[in-house]
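Here the structure is a predicted model, which is why all the values come from computation and not from measurement. Counting starts at 1 for both ligands and their atoms, following the listed order.
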Amino acid sequence: MATLLLTNIGQLTTVDAKGSVLEDAAVLIEDGLVAWVGHMAQAPATAHEIDLGGRAVLPGWVDSHSHLIFGGDRAEEFVARMAGQSYAAGGIAVTTSATGQLSDKELSGVVAERRHEALAMGTTWMETKTGYGLALEEEIRHSILGKPLVDSLTFLGAHLVPAGWDAEAYTDLVTGPMLDAVAGNVDFVDVFCERGAFTEEQSRRVLEAAHRKGLATKVHGNQLGPGPGVKLAVEFGSRSVDHVNYLDEEDFKALADSWAGWDASARSGKPGTVATCLPACDLSTRQPLAPGRELLDAGVRIALASNCNPGTSYTSNMNFCVATAVLQMNLSLAEAIEAATYGGALALGVADQVGSVEIGKRADLHVLDAPVAAHLAYRPGMNLTHSVYRAGELVDRLT
Ligand SMILES: N=CN[C@@H](CCC(=O)O)C(=O)O
Ligand SMILES: [Zn+2]
């Protein structure tokens with residue numbers, strides 16, 4: 001049995017249901033899983049120990065929303081936006097055309113690099129989406145390429161109606177032949193329900209088709225203005241609704257009610273729809289930050305994710321997202337860390353495997369070059385990731 005003791009942890013943020021934070025702690029890893037957690041003085045003897053020198057440790061980030069399967073970038077669009085232009089969904093088409101020019105090898109290469117970049121910054125579980133294919137063969141290609149490179153894969157054929165297509169005809173394609181072809185490769189079906197993308201009725205058709213296939217759903221909703229995305233997501237029992245910048249009272253109520261069957265102290269029962277906040281995207285698009293504080297206060301479970309993509313959020317740095325959530329969204333450090341770990345795991349339906357440092361879970365650990373996790377927000381922008389363990393293995397930050 002492969003055994004490793006990580007010891008002399010100055011502060012261990014476990015993100016267990018009680019929010020336990022241990023000082024002078026140790027974690028025993030056996031065969032890639034957490035086997036013991038406690039005070040270092042009581043740790044079981046092991047042949048292989050690593051002294052973490054009093055550093056802070058937390059669970060690896062669970063990034064539940066990204067779009068890594070793309071070619072090119074959109075720096076010009078970003079510069080224009082900073083000069084006052086507003087973000088519009090139409091920019092997706094620019095990336096679709098750049099992505100189509102990459103060979104399988106080139107596209108896999110850039111996705112693998114992006115995944116590794118995130119891993120080296122502490123993201124040990126990462127979701128990504130298709131959605132820059134927007135044609136039958138391309139969406140299939142992206143789902144095949146993407147699958148081995150990430151931990152959860154989402155089909156987002158309903159990202160934008162491509163030029164030359166009638167919206168209804170394209171929705172027929174997405175909900176019919178495209179979904180049939182990719183269903184075996186993906187964990188979720190997502191739809192961009194927004195002005196300039198898919199209407200309420202078209203989004204409903206996408207969610208219904210996913211249900212018929214037995215696939216869990218997600219919705220991009222309420223990003224650029226008020227809209228039906230949140231209510232649809234709750235109605236369909238989606239795992240998450242993402243962006244959530246513009247919410248009315250009914251949206252808050254629908255989300256909060258969806259958690260009525262969840263026992264937060266036991267972390268059991270029927271999970272509701274997670275509201276996923278994407279602070280890096282909100283900054284890059286100059287949208288109001290999602291109301292994470294108000295959502296938590298209303299009893300909604302939230303996640304924080306990077307939304308790494310070339311249009312609205314070209315970063316996969318979850319340390320930055322957590323710092324922004326604390327500094328700008330009024331979350332406490334503990335709330336932000338929980339949203340970026342356990343919250344993400346809930347949004348991906350993998351909270352039994354990852355998202356906290358607890359016995360039986362995968363040993364995904366993020367070691368900070370800091371004595372306490374508060375440095376994440378206290379020293380924003382500093383590279384605080386010292387080392388990362390995924391399933392008990394030390395991640396090589398260079399390869
Ligand atoms: N909002 C929809 N999709 C992406 C942006 C895609 C793009 O502009 O390339 C997002 O989550 O922000
Ligand atoms: Zn997105």
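- Distance from atom 12 (O) of ligand 1 to its nearest protein heavy atom, with residue and atom name: T312 OG1, 2.7 Å.
- The protein atom (non-hydrogen) at minimum distance from atom 3 (N) of ligand 1 is H159 NE2, 2.8 Å.
- Within ligand 1, the atoms closer than 4.0 Å to a non-hydrogen atom of H65 are 11 (O), numbered from 1 in the order shown.
- The protein atom (non-hydrogen) at minimum distance from atom 11 (O) of ligand 1 is H243 NE2, 2.9 Å.
- Atom CZ of residue F188 and atom OG of residue S240 lie 7.5 Å apart, to the nearest 0.5 angstrom.
- R239 has no carboxylate O lying under 4.0 Å from a charged side-chain N of D190, or vice versa, which leaves the two without a salt bridge.
- When hydrogens are left out, the protein atom nearest atom 1 (N) of ligand 1 is Q223 OE1, 2.8 Å; that is the closest non-hydrogen contact.
- A cation-pi geometry, defined here as NZ or CZ lying under 6.0 Å from the six-membered ring centre and within 45° of its normal, holds between R114 and F70.
- The Zn ion (ligand 2) has an N, O or S atom of H65 closer than 2.8 Å.
- Looking only at distances, no side-chain donor or acceptor of T7 sits under 3.5 Å from a matching main-chain atom of D51.
- Without hydrogens or angle criteria, S284 side chain to A280 main chain gives no donor-acceptor distance under 3.5 Å.
- Side-chain atoms of D63 come within 3.5 Å of backbone N or O of S306 as a donor-acceptor pair.
- Given atom 6 (C) of ligand 1, the protein heavy atom at minimum distance is Y132 OH, 3.3 Å.
- Nearest protein heavy-atom contact of atom 5 (C) of ligand 1 is Y87 OH, 3.5 Å.
- Contact analysis leaves E194 out of contact with ligand 1, as no non-hydrogen atom separation drops below 4.0 angstrom.
- Among the atoms of H243, no N, O or S atom is found under 2.8 Å from the Zn ion (ligand 2).
- By the 4.0 Å heavy-atom criterion, I92 is counted among the residues contacting ligand 1.
- The shortest N or O to N or O distance between N307 and ligand 1 is below 3.5 Å.
- Side-chain N or O atoms of S108 include none that pairs as donor or acceptor with a backbone N or O of K105 at under 3.5 Å.
- Taking the centre and axis of the six-membered ring of F236, the NZ or CZ atom of R204 falls outside the cone set by 45° and 6.0 Å.
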